[in-house]
Amino acid sequence: MNEEHLRCLLCSAFPKPEGDKPSRDLWPSIVCRIEASTAWSRIDTSVAVGVGAGVAITLAILPKALLLLAYHL
Amino acid sequence: MPDELDRELLRRFVRGDQDAFESLFRQFESEVYHWILRIVRNASSTEDIVIEAFWRAYRGRASFDSSRSFGAWMRRIATNAACDHLRVMRTRASWITTVDGIEGPKSADCILGESIALGFRKLPPKLQVVATLALIEGHSHAEIAEALDLPVGTVKSRLFRAIYSLRKELTRLGIRS
């Protein structure tokens with residue numbers, strides 16, 4: 001099977017695709033994608049609230065933990 | 001792709017200005033769409049990949065040098081997005097080992113075409129891209145090298161490996177000249 005024969009087989013298996021232009025305006029989908037990636041999700045918010053609450057409770061129970069926290073920061 | 005763009009527009013894009021990004025999108029959408037369509041050869045998948053490519057461009061805008069060609073940068077991103085799509089299609093193709101007539105009887109030509117397409121989709125995406133542009137679209141090695149930002153030697157070696165692997169796969173599927 002030479003390269004020319006292979007080329008013919010591929011051209012017959014992959015005819016020129018139809019579709020001269022997108023069937024819809026793609027810009028709104030791109031904007032949605034950007035907004036979804038930049039917005040805080042509910043999970044992000046829950047994790048942030050959880051960590052904040054954990055630190056506050058720890059400091060309320062063990063005030064000296066502040067020194068440990070300051071050391072690690 | 002037009003390269004003499006307003007530098008200010010590109011600088012605004014790098015700073016995250018969405019109006020500037022929309023303006024760039026409107027200018028390059030058609031060319032990016034056709035470029036991806038040539039690689040993946042499916043109109044509905046192409047639309048999703050165009051969205052993915054422009055989103056990646058916006059996300060990676062900080063790495064864009066506004067003194068360079070936006071078109072060439074965008075084409076590289078589009079090629080990578082198309083390669084990722086081909087990777088998924090390759091995984092699906094690996095699940096199918098034979099072309100069965102589950103949709104009813106098919107002609108010999110139809111089965112041959114599907115077998116060739118199946119064998120082709122099993123090639124690594126990087127090889128598929130080069131083979132598509134060289135063998136199906138008829139681009140020269142130099143044109144492909146420029147479009148993919150690769151040395152001509154790499155294009156030649158990928159094409160050689162693609163042809164070798166494809167011959168092997170077609171022989172395995174029982175297709176001979």
Side-chain angles (χ1 to χ4, degrees), chain A residues 1-60 62 65-73, chain B residues 16 18 21-23 25-26 29-30 32-34 36-59 61 109-110 112-121 128 131-132 134-138 159-160 162-164 166-168 170-171 175-177:
Chain A
M1 190 183 293
N2 62 28
E3 191 176 318
E4 199 49 45
H5 184 224
L6 195 60
R7 192 188 296 267
C8 288
L9 287 175
L10 285 173
C11 287
S12 63
F14 294 100
K16 197 168 171 54
E18 290 184 12
D20 196 35
K21 56 180 184 174
S23 60
R24 61 196 163 97
D25 182 9
L26 302 179
W27 178 247
S29 303
I30 294 171
V31 172
C32 282
R33 191 81 190 267
I34 291 169
E35 284 171 357
S37 66
T38 52
W40 271 52
S41 69
R42 285 182 183 176
I43 295 173
D44 294 331
T45 311
S46 310
V47 169
V49 168
V51 169
V55 170
I57 292 167
T58 305
L59 290 178
L62 301 163
L66 182 63
L67 295 172
L68 190 69
L69 185 68
Y71 174 77
H72 283 288
L73 288 176
Chain B
Q18 253 189 48
F21 183 46
E22 183 177 1
S23 176
F25 168 77
R26 299 287 175 207
E29 177 192 18
S30 176
V32 170
Y33 177 83
H34 285 109
I36 294 171
L37 185 63
R38 265 181 248 161
I39 295 172
V40 303
R41 313 195 76 77
N42 177 299
S44 62
S45 302
T46 297
E47 292 185 2
D48 293 338
I49 302 167
V50 169
I51 294 168
E52 172 71 23
F54 275 97
W55 177 69
R56 287 186 189 185
Y58 187 77
R59 195 181 56 180
R61 64 191 181 278
D109 282 352
C110 187
L112 176 68
E114 286 185 12
S115 299
I116 293 164
L118 188 64
F120 190 75
R121 288 296 175 225
Q128 276 188 52
T132 302
L135 300 176
I136 304 173
E137 290 292 328
L159 186 58
F160 176 81
I163 291 171
Y164 176 79
L166 195 56
R167 276 188 188 138
K168 225 166 90 175
L170 293 182
T171 305
I175 301 164
R176 291 169 200 280
S177 56

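Computed from a predicted structure; not experimentally measured. Throughout, protein chains are lettered first and strands after them, A, B, ... in sequence-line order, and every chain is numbered starting at 1. Any value given below was found using the heavy atoms of this structure, including those in side chains, with hydrogens, waters and symmetry copies removed.
- Between B:Glu29 and A:Lys21 no salt bridge is recorded (no basic side-chain N to carboxylate O distance below 4.0 Å).
- With rounding to the nearest 0.5 angstrom, the CG atom of A:Leu10 is 6.0 Å from the CG atom of B:Leu135.
- Between the CG atom in A:Leu6 and the CD1 atom in B:Ile163 there is a gap of 6.0 Å [rounded to 0.5 Å].
- Both the backbone and the side chain of B:Gln18 come within contact range of chain A, judged by heavy atoms closer than 4.5 Å.
- Residue B:Ala131 does not touch chain A at all, counting heavy-atom pairs closer than 4.5 Å.
- Taking all atoms of both residues into account, the shortest heavy-atom contact from A:Phe14 to B:Ala117 is CZ-CA, 3.6 Å.
- Side-chain atoms of A:Arg7 come within 3.5 Å of backbone atoms of B:Ala134 as a donor-acceptor pair (strictly under, hydrogens ignored).
- Residues A:Leu26 and B:Phe54 form no side-chain contact, since every pair of their non-hydrogen atoms from C-beta on lies 4.5 Å or further apart.
- Looking at A:Asp20, the atoms closer than 4.5 Å to chain B (heavy atoms on both sides) sit in the backbone and in the side chain alike.
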- prompt: How far apart are the C-alpha atoms of B:Phe21 and A:Ile34, what are their side-chain angles, what is the distance that settles it, and do they pass the side chain to side chain contact (heavy atoms under 4.5 Å, CB included) test?
  reply: CA-CA 11 Å; B:Phe21 183 46; A:Ile34 291 169; 3.7 Å; yes
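- Rounding to the nearest 0.5 Å gives a distance of 6.0 Å between CG of A:Asp25 and CZ of B:Phe25.
- Of all the heavy atoms in A:Ser29 and B:Ile51, the pair that sits closest is CB-CD1, 3.4 Å.
- The two residues A:Pro15 and B:Arg41 make their nearest non-hydrogen contact at O-NH2, 3.7 Å.
- If you measure heavy-atom distances from B:Arg26 to chain A, the contacts under 4.5 Å come from the side chain alone.
- Most heavy-atom pairs under 4.5 Å with chain A: of the set B:Arg38, B:Arg59, B:Glu137, B:Glu52, this distinction falls to B:Glu52.
- Summarising the geometry, atom SG belonging to A:Cys8 is positioned 12.0 Å from atom CD1 belonging to B:Ile136; distances are rounded to the nearest 0.5 Å.
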